[in-house]
Amino acid sequence: MNILVCLKQTFDTETKIALQDGSIKEDGVQYVMNPYDEYAVEEAIAIKESGEATVTILTIGPARVEEAVRTALAMGADEAVIVDDPAAFGDEYTAAAVLAAVAKERPYDLILAGNQAVDDGSGQVAIRMAELLGIPHIGVVTKLTVLGNQVTAERDAEGDLEIVSAALPVLVTAQQGLNEPRYPSLIGIRKASKKPLTKLTLAELGLTPDAVAPRAQVTETFLPPAKGAGRVLQGETVLRVSELVRELRQTSKVL
Amino acid sequence: MARDVLVIADLRGQDLRNVTLEALGGALRVAEGGRVAALAIGHGLEKAAAALFAHGATEVWLADQEALSHYQPDLYLAATEAAIAEVRPALVLLAHSAIGRDLGPMIAAAHGAGQASDVIAVDLQDGEVVYTRPIYAGKAFTRVKVKGELAVATVRPNNLPMPESGTATGEARALAFAAPSDLRTTLREVVRKTASGVDLTEAKIIVSGGRGVKSAEGFVPLRELADVLGAALGASRGACDAGYCDYAMQVGQTGKVVTPDLYIACGISGAIQHLAGMSNSKVIVAINKDPEAPIFKVADYGIVGDLFEIVPALTAELRAFLG
């Protein structure tokens with residue numbers, strides 16, 4: 001079985017966000033693999049360990065994304081493709097078109113991805129990619145079983161749980177709870193440096209910058225207004241609690 | 001310039017969710033005299049149709065079949081495509097919900113369109129529609145324009161202004177569409193997990209617990225408080241990782257991003273990734289033993305103390321008020 005895993009490198013979630021010249025400041029930021037993609041990578045490797053599979057990592061990004069890719073290879077993925085081309089760094093429309101073009105060039109049975117990235121939080125790219133490839137998808141999955149040609153998944157639908165099945169090939173997006181991603185072992189890290197990593201440009205994928213030009217354009221980036229310091233209520237529990245209720249009713253009017 | 005907008009209704013059973021009315025509010029704001037069409041997909045939609053008209057929809061389309069009672073991507077996409085062919089909108093608005101998050105990108109891909117996800121405001125700027133949306137789970141925001149003949153946007157609950165309910169009525173139209181005969185995914189079973197029925201992302205009030213709750217049983221007083229308030233129950237990653245509760249309850253950058261009117265954080269220290277998920281709530285109350293906990297920096301009201309003493313006292317006080 002051939003498994004493709006789409007991965008994005010993102011800011012660490014403990015990063016404080018600051019602006020520089022109207023854009024998000026990237027200097028000194030610690031980058032990680034998007035946490036939702038970690039579940040996708042782990043699931044692919046677990047499937048590989050329980051049978052026979054080749055796991056290929058797909059990503060888009062500049063030289064720095066190699067670190068996240070190496071982490072996935074160290075966890076146990078077999079090879080990786082990085083599309084490193086500024087014309088590929090667009091919006092969700094762009095990313096899906098580029099990833100679908102990469103997928104079309106190779107065999108796949110199962111495509112895994114995080115259900116969203118913790119930076120843009122759009123949750124579009126994987127589903128768009130499935131549509132472009134003409135395959136079904138199952139989104140926001142917390143349990144996945146692959147049996148022969150058949151995939152059965154439990155998906156998180158706003159608190160309800162849906163059990164959905166489909167035949168391969170299918171794209172599945174990972175939700176927290178799917179598994180417990182492993183840490184790369186020392187041997188894994190050593191092996192990762194020797195695993196094949198292909199870098200591609202748009203031209204090599206047969207795409208033109210025009211064909212993948214972003215549809216969405218960011219016109220402004222801003223930080224939320226700083227919150228003024230709140231009040232810490234003092235006194236006996238009973239007094240503090242009744243003052244709180246009074247404030248919530250009369251001042252904030254939220255009750 | 002007038003533009004036609006199509007709002008895809010989000011239903012819980014046969015009830016319209018508020019976020020759909022909020023999306024109608026957004027649609028009315030940017031239509032500039034264009035049509036504001038709404039499509040409801042499900043089964044038994046008369047009540048939903050009436051509510052859509054009452055809140056300003058100029059036309060209502062219904063895809064009403066028993067097979068549509070539950071969300072299924074291929075069926076819902078086929079219905080939506082049929083409505084798009086009828087209405088020819090410049091903009092399709094959905095809820096940023098379990099359904100809209102899945103359906104939106106399918107529509108966008110089918111039309112090669114751009115999409116703004118999880119928008120908290122829809123405005124006009126020099127005759128163009130501008131969407132405001134959070135990035136990094138609300139640590140920052142962007143304004144986005146979408147080029148092309150069709151734009152798709154998903155709307156975050158609790159943010160767009162809900163139009164007043166009026167006296168408008170209308171005749172809903174049955175949508176003719178060819179349901180694909182062989183669905184590529186099969187919905188085997190739906191297991192209801194939320195007992196309270198209050199959805200975290202749409203809740204007006206959230207009571208949330210962190211590591212300070214100490215155990216699964218520790219959530220009991222929080223649940224009692226939530227019940228009195230009609231609130232949803234949330235949790236921090238710490239509480240979920242410790243196994244005190246289900247990941248479906250997690251609020252934060254990994255988890256759900258919420259913007260209720262009132263967020264009551266109990267035993268939550270306030271890691272940056274948690275704050276990202278809730279700090280845009282209107283009013284925040286923090287209850288924590290540690291006076292230095294970062295949660296107090298974003299709280300409007302703080303109580304330093306043991307949550308197992310404070311929370312039951314708060315529940316009792318509220319019960320006296322709210323009955």
Side-chain angles (χ1 to χ4, degrees), chain A residues 11 13-14 16-17 24 35-36 91-93 96 118-124 127-128 131-132 136-139 152 156-166 176-177 214-224 227 230-233 237-238 240-242 244-245 247-249 252 254-255, chain B residues 97-98 101-102 105-106 108-110 113-118 134-137 139-148 184-194 199 247-248 250 253-254 261-262 272-273 280 282-283 285 296 298-305 309-310 313-314 317-318 321:
Chain A
F11 286 16
T13 53
E14 288 299 311
K16 275 203 173 120
I17 300 295
I24 301 292
Y36 293 106
D91 67 350
E92 297 84 356
Y93 170 84
V118 293
D119 47 11
D120 290 330
S122 287
Q124 294 180 29
I127 295 173
R128 281 176 178 267
E131 285 302 297
L132 295 179
H137 73 272
I138 308 174
T152 305
D156 167 18
E158 250 142 37
D160 290 343
L161 187 151
E162 293 178 0
I163 301 171
V164 177
S165 62
Q176 192 160 37
R215 298 295 194 257
Q217 179 198 358
V218 174
T219 59
E220 192 187 342
T221 303
F222 60 98
L223 299 179
K227 260 198 118 149
R231 278 183 52 206
V232 174
L233 306 176
T237 296
V238 185
R240 291 190 286 176
V241 161
S242 66
L244 175 62
V245 172
E247 283 288 322
L248 293 176
R249 288 169 64 89
S252 314
V254 288
L255 289 182
Chain B
S97 63
R101 287 178 49 173
D102 204 75
M106 293 178 83
Q115 179 180 328
S117 293
D118 200 17
I135 54 173
Y136 301 96
K139 290 179 192 170
F141 295 85
T142 55
R143 287 195 227 282
V144 179
K145 288 181 182 173
V146 177
K147 293 180 285 189
R184 298 175 302 171
T185 56
T186 310
L187 179 61
R188 302 266 173 213
E189 199 182 336
V190 179
V191 185
R192 302 246 171 254
K193 278 169 80 186
T194 38
D199 175 44
Y247 277 114
Q250 185 177 323
Q253 196 166 357
T254 51
D261 290 344
L262 174 60
I272 288 176
Q273 82 92 20
N280 293 306
K282 208 162 124 196
V283 176
V285 173
F296 287 116
V298 302
D300 299 274
Y301 302 101
I303 294 184
V304 178
E309 180 194 335
I310 309 288
L314 182 56
E317 180 77 16
L318 284 164
F321 267 114

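In this text the structure is predicted, and so the values were computed from the model without any measurement. Letters A, B, ... are given to chains in the order of the sequence lines, protein chains preceding strands, and every chain is numbered from 1. Side chains are part of it too, since the values below use all heavy atoms of this structure and drop only hydrogens, waters and symmetry mates.
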Okay, B:A313 and chain A: the region with an atom under 4.5 Å from a heavy atom over there is both
Identify which of A:A96, A:S165, A:A216 forms the greatest number of heavy-atom pairs closer than 4.5 Å to chain B.
-> A:S165
Under 3.5 Å, is there a donor-acceptor pair between the B:S97 and A:E158 side chains?
-> no
Rounded to the nearest 0.5 Å, how far does CZ of B:R101 lie from OG of A:S122?
-> 10.0 Å
Given the options B:Q273, B:Q115, B:Q250, which has more heavy-atom pairs under 4.5 Å with chain A than any of the others?
-> B:Q115
Under the side-chain contact (heavy atoms from CB on, under 4.5 Å) rule, what do A:E162 and A:I138 come out as? Steps first, then yes or no, please.
-> CA-CA 10 Å; A:E162 293 178 0; A:I138 308 174; over 6 Å; no
Smallest heavy-atom separation, B:E317 atom then A:S242 atom, equals OE2-CB, 3.1 Å
Any idea which of B:N280, B:V283, B:I303, B:V285 has the most non-hydrogen atom pairs under 4.5 angstrom with chain A?
-> B:I303
What residue in A:P35, A:G121, A:P136 has the most heavy-atom pairs under 4.5 Å with chain B?
-> A:P136
Under 3.5 Å: donor-acceptor pair, side chain of A:D91, backbone of A:R215 = yes
Got a salt bridge between B:K139 and A:E14, using NZ or NE/NH1/NH2 to carboxylate O under 4.0 Å?
-> no
Pair count under 4.5 Å, heavy atoms only, with chain B: among A:L223, A:I24, A:V118, highest is A:V118
Where A:R128 and B:P105 come nearest, the two heavy atoms and their spacing = CG-O, 3.7 Å
In terms of heavy-atom proximity below 4.5 Å to chain A, should B:A113 be classed as side chain, backbone, both, or neither?
-> backbone
Option that, when pairs with chain B are counted at under 4.5 Å, heavy atom only, ranks first among A:K16, A:E92, A:E131 | A:E131
Taking atom CZ of B:F141 and atom OG1 of A:T221, what is their separation to the nearest 0.5 Å?
-> 12.0 Å
Per-residue tally against chain A (heavy atom, under 4.5 Å) across B:I310, B:T142, B:D118 peaks at B:T142
Under 4.5 Å from any heavy atom of chain B - which part of A:F222 | both
Among the options A:L132, A:D156, A:L244, pick out the one with the most heavy-atom pairs lying under 4.5 Å from chain B.
-> A:L244
Atom group of B:A299 that falls short of 4.5 Å from chain A, counting heavy atoms | backbone
